[in-house]
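Remarks on the structure that follows.
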Amino acid sequence: MILYDYFRSSASYRVRIALNLKGVAVERRDVMLLENQQRSPEHLARNPQGFVPALEADDGHVITQSLAILDWLDARYPEPRLIPADPDARAAALARALVIAADTHPLNNLRVMRRLKDMGVDEAGRNDWTRHWIAEGFTALEAMAGESPFLGGDAPGVADLFLVPQMYNARRFDTPLAAFPRLVAIDAACTALPAFAAAHPDAVAPK
Ligand SMILES: N[C@@H](CCC(=O)N[C@@H](CS)C(=O)NCC(=O)O)C(=O)O
C-alpha cells in the first residue's frame, strides 16, 4: 500500500497513527503541499479534492478522506479496533472525532489560510483565526472528554487520532491550552505511546 502523505498534514498524521497502531506497513510518498503538488494532475487523479491523505490499496484503488481511510483500515485490519461496533459507543466516538474533523480542522486548512491571505488578512490575523477556531472546537471537546485516560476509553480510539494532530497544530500556532486540561492530559497519554510517537511530523519529516 502507498500512503500519499505530508509530514505536517494533520489529516495524514491521523492515518499514520492508525497504521502504526495496527502494525500495517505502507510506503509513504510525500506530496509537498507548499509546492502545490496536491494540485498536480497526477494527485488530482488520485484525489479530486487536492488533499492528502490518500491511501492506495494493494489492488490500486485509492481511498480518500482520513475518516473513511480509518474506517476501511478497521474493516481490513480489525485489531486494535478504532471505531467501536456498539451503536451508542460508535456514535459517541464519531461525534468526538467529528468535532475536529468536520468543525475545527477544515477552518485552518492551507487552502483556507491562502484564501484569507488573498482577501488581505495579514499573518497575525490568520494566526488569530486559527487559534480562535481551535479554541472553539477544543472547548466543546473538553466538555465531551469524560474521565478515561483516552477519548476512546482505556485504549486510544478514533477520536484520539483526531485530537493528537489537532493538538500539534494548536501548539504550532501558540494556542493557549490552560482551559483544556483533559485534552492536554489525553494528548500526553497518547503521545507517550510508540505508535503515536512514530507518526509525529518530526519523525517523518523529509531530511
Ligand atoms: N477532510 C479531509 C481533509 C484533508 C485535508 O485537509 N488535508 C490537508 C492537509 S491536513 C491538505 O491536503 N491541504 C491542501 C490544501 O489545502 O491545499 C480528510 O480528513 O482527509
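Predicted, not measured: the structure shown is a model, and the values here were computed from it. Counting starts at 1 for both ligands and their atoms, following the listed order. Residues take their numbers from the sequence shown, with the count starting at 1.
- If you check which protein heavy atom lies closest to atom 17 (O) of ligand 1, you get Gln38 NE2, 2.9 Å.
- Between the side chains of His105 and Ser10, at least one donor-acceptor pair of N or O atoms lies under 3.5 Å.
- Distances shorter than 4.0 angstrom do not occur between any heavy atom of Arg39 and any atom of ligand 1.
- There is a side-chain donor-acceptor pair under 3.5 Å between Arg114 and Asn36.
- Using a 4.0 Å cutoff on heavy atoms, Ala101 does not count as a contact of ligand 1.
- Ligand 1 has at least one atom lying under 4.0 Å from a heavy atom of Asn109.
- Residue-level proximity to ligand 1 for His105 is carried by the side chain, the only part with a heavy atom below 4.0 angstrom.
- Counting heavy atoms closer than 4.0 Å to ligand 1, residue Arg111 contributes atoms from both its backbone and its side chain.
- Residue Phe173 shares its hydrophobic cluster (ILVMFWY side chains chained together at separations under 4.5 Å) with no other residue.
- Side-chain atoms of Arg14 and Ser66 form a donor-acceptor pair, as typed in the model, at a separation below 3.5 Å.
- Using a 4.0 Å cutoff on heavy atoms, Met113 does not count as a contact of ligand 1.
- In summary, the atoms of ligand 1 found under 4.0 Å from a heavy atom of Leu110, numbered by their order in the structure, are 15 (C), 16 (O).
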